[in-house]
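Here is how names work: the chains are called A, B, and so on, in the same order as the sequence lines, proteins then strands, and each is numbered from 1.
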Protein chains: 2
Amino acid sequence: MKKAADILIDKDLRKTPCRVFVLGEFIRKGNKGISETELENRSKGKFDRVTIYRTLKTFMDADILHKVIDDDNLVKYALCKECEDDHHSHEHVHFKCTSCNTTSCLDEISIVSVDLPKGYKKIEANYLIIGTCPECK
Amino acid sequence: MKKAADILIDKDLRKTPCRVFVLGEFIRKGNKGISETELENRSKGKFDRVTIYRTLKTFMDADILHKVIDDDNLVKYALCKECEDDHHSHEHVHFKCTSCNTTSCLDEISIVSVDLPKGYKKIEANYLIIGTCPECK
DNA sequence: GTTTATGCAAATTCTTTGCAATACT
DNA sequence: AGTATTGCAAAGAATTTGCATAAAC
């Protein structure tokens with residue numbers, strides 16, 4: 001598992017306290033999705049909300065993070081294993097737990113492709129599974 | 001294809017102009033998702049925004065509509081074929097076209113279930129495919 | 001010393017809530 | 001008539017933009 005500072009250097013991004021903090025949070029959380037609000041709370045007001053939003057955007061543009069589809073219209077971001085190395089994939093399987101409300105990126109599972117009706121052309125796919133996770137049994 | 005007024009009677013909902021209009025729009029649009037903003041524009045200010053929101057909520061509670069997952073955090077609602085009769089299903093395959101921005105409910109396709117890691121329990125699933133649709137070839 | 005990121009203020013969009021007036025059956 | 005729905009005003013959450021200051025390289 002890479003450290004935040006190293007990832008920033010790799011991606012040619014300036015090493016700022018906010019970026020190190022945000023990226024560190026994602027690394028610590030593993031494959032769990034984190035919302036901007038959570039980051040704001042975790043940082044205890046150390047960084048401006050706007051700065052966190054901009055940091056998230058920077059990371060998305062750099063393919064470090066991707067947006068996580070939530071059924072309840074709540075936006076989260078996640079660092080996926082696949083995104084860390086070079087074969088960045090846009091085929092994500094996300095699991096949303098209705099009990100603890102965490103959304104995780106199930107990297108182990110690959111999306112089974114379906115046959116689309118004539119004329120449809122797939123670019124990417126997101127599979128969201130809603131249910132209960134191991135911790136909430 | 002049922003008419004709006006009949007569906008309302010079936011579901012024991014009062015027949016009001018806003019409900020008839022909104023439901024009519026969904027029937028006309030077929031399996032395409034519609035956002036609250038679109039409904040507001042289409043009605044040309046005839047109904048209050050709040051009323052449209054409440055109407056959408058009423059229809060969701062009555063299993064007439066379901067929320068459509070959009071990758072770009074845009075909320076749409078759709079009337080699915082499966083939802084019209086009694087075997088209301090929550091396993092939806094949605095297709096979002098990056099060109100015309102429409103989201104449609106692909107009723108013909110059923111979700112292929114995946115094997116979840118130990119401890120995970122599925123309640124429902126949403127599959128969103130992003131790409132180009134037949135009209136935007 | 002340049003370039004880029006940050007913080008603050010403020011604006012926008014989406015959505016919800018309370019309450020009195022109105023429409024539905 | 002009695003109950004449910006509507007419209008208005010207003011509040012709340014999430015997100016974005018502009019600009020001057022500050023920090024990174």
Side-chain angles (χ1 to χ4, degrees), chain A residues 3-25 33-62 64-78 101 103, chain B residues 3-25 33-62 64-78 101 103:
Chain A
K3 286 182 68 182
D6 298 329
I7 296 172
L8 292 174
I9 292 165
D10 276 10
K11 296 282 184 179
D12 267 315
L13 295 172
R14 289 192 179 181
K15 189 183 146 216
T16 67
C18 183
R19 288 179 179 174
V20 172
F21 166 77
V22 170
L23 196 40
E25 284 300 305
I34 312 179
S35 67
E36 184 282 329
T37 309
E38 290 174 79
L39 289 166
E40 208 181 319
N41 294 337
R42 231 47 86 55
S43 71
K44 293 176 201 277
K46 203 170 170 187
F47 308 107
D48 192 86
R49 178 174 302 179
V50 177
T51 306
I52 296 174
Y53 272 111
R54 285 197 268 231
T55 299
L56 291 168
K57 185 171 187 332
T58 301
F59 289 171
M60 298 238 291
D61 291 344
I64 296 170
L65 297 180
H66 65 274
K67 207 173 253 190
V68 173
I69 309 290
D70 187 298
D71 62 324
D72 209 31
N73 199 33
L74 215 138
V75 178
K76 294 192 180 181
Y77 304 85
N101 273 311
T103 309
Chain B
K3 285 183 68 180
D6 298 330
I7 296 173
L8 291 174
I9 292 164
D10 275 11
K11 297 281 184 177
D12 268 316
L13 295 171
R14 289 194 180 182
K15 188 184 147 215
T16 68
C18 183
R19 287 177 179 175
V20 172
F21 167 78
V22 169
L23 196 39
E25 286 299 304
I34 312 180
S35 67
E36 183 281 330
T37 309
E38 290 174 78
L39 290 166
E40 208 180 320
N41 294 337
R42 236 36 91 57
S43 70
K44 294 177 201 275
K46 204 169 170 188
F47 308 107
D48 192 88
R49 177 173 303 180
V50 177
T51 307
I52 297 175
Y53 271 112
R54 285 195 270 230
T55 299
L56 291 168
K57 186 173 186 331
T58 301
F59 288 170
M60 298 238 291
D61 291 345
I64 296 171
L65 296 180
H66 66 274
K67 207 174 255 192
V68 172
I69 308 290
D70 186 298
D71 62 324
D72 210 31
N73 200 35
L74 215 139
V75 177
K76 294 191 178 182
Y77 305 84
N101 274 311
T103 309

In this structure, how many angstroms lie between the C1' atom of C:dC14 and the CG atom of B:Asp72, rounded?
14 Å

Shortest non-hydrogen separation from A:Ala78 to A:Gly33 and the atoms involved:
CB-CA, 4.0 Å

Are the side chains of A:Val75 and A:Ser35 in touch, meaning some heavy atoms are under 4.5 Å apart?
no

To the nearest Å, how far apart are B:Leu39 CG and D:dT6 P?
14 Å

Can you say whether a donor on the side chain of A:Arg14 sits under 3.5 Å from an acceptor on the base of C:dT3, or the other way round?
yes

Between C:dT13 (P) and B:Asn73 (CG): distance, integer Å:
15 Å

On DNA chain D, more 5' by nearest nucleotide between A:Pro17 and B:Lys46 is B:Lys46

Which atom of A:Leu23 lies closest to which atom of A:Ala4, heavy atoms considered
CD2-O, 3.7 Å

Nearest-Å distance for atom pair CG/P, residues A:Asp12 and C:dA5:
11 Å

Tell me the bend of the helix from C:dG1-D:dC25 to C:dT25-D:dA1 as the angle between end helix axes, each from five pairs, rounded to the nearest 10 degrees.
40°

On DNA chain C, compare the nucleotides closest to B:Lys15 and B:Glu36; which residue's is nearer the 5' end?
B:Glu36

Can you tell me which nucleotide in D:dT6, D:dA14, D:dC25 comes closest to the side chain of A:Thr37?
D:dA14

Using the 3.5 Å cut-off, write out each protein N or O paired with an N or O of nucleotides 9-11 of chain C and the distance between them.
none

Minimum heavy-atom distance A:Val68-A:Thr103, with the two atoms named:
CG1-CG2, 3.3 Å

Select one nucleotide: of C:dT15, C:dT6, D:dT15, the one nearest the side-chain heavy atoms of A:Thr16.
C:dT6

Nearest to side-chain heavy atoms of A:Arg54, which nucleotide of C:dC24, C:dT6, C:dT17:
C:dT6

Is any side-chain heavy atom of B:Phe21 less than 4.5 Å from a side-chain heavy atom of B:Arg42?
yes

Closest non-hydrogen atom pair, B:Ile69 against A:Asp70:
CD1-O, 4.1 Å

Answer yes or no: does a side-chain N or O of A:Tyr53 lie under 4.0 Å from OP1 or OP2 of D:dT15?
yes

How long is the line joining CD1 of A:Ile52 and C1' of D:dT16, in whole Å?
15 Å

Could you state the CZ-C1' distance from A:Phe47 to D:dA22, rounded to the nearest angstrom?
14 Å

Would you say the side chain of B:Lys15 lies within less than 4.5 Å of the side chain of B:Ile9, judging by non-hydrogen atoms?
no

Ignoring backbone atoms, establish whether A:Thr51 has a side-chain N or O less than 4.0 Å from OP1 or OP2 of C:dA5.
no

Any non-hydrogen side-chain atom of B:His66 less than 4.5 Å from a side-chain atom of B:Tyr77?
no

Beyond-backbone contact of A:Glu25 with A:Glu38, side-chain heavy atoms, under 4.5 angstrom
no

So what does B:Lys57 touch, heavy atoms closer than 4.0 Å: a base, only the sugar-phosphate, or nothing?
nothing

Tell me which donor-acceptor pairs under 3.5 Å the side chains of residues 50-60 of chain A have, and how far apart each pair is, sequence neighbours excluded?
| from | atom 1 | to | atom 2 | distance (Å) |
| --- | --- | --- | --- | --- |
| A:Thr55 | OG1 | A:Thr51 | O | 2.7 |
| A:Lys57 | NZ | A:Asp61 | OD2 | 3.1 |
| A:Thr58 | OG1 | A:Arg54 | O | 2.8 |

Under 4.0 Å, counting only non-hydrogen atoms across every strand here, what does A:Arg19 touch: a base, just sugar-phosphate, or nothing?
sugar-phosphate

To the nearest Å, give me how far apart CZ (A:Phe21) and C1' (D:dA23) are.
19 Å

Could you state the CG-P distance from B:Leu8 to C:dA23, rounded to the nearest angstrom?
19 Å

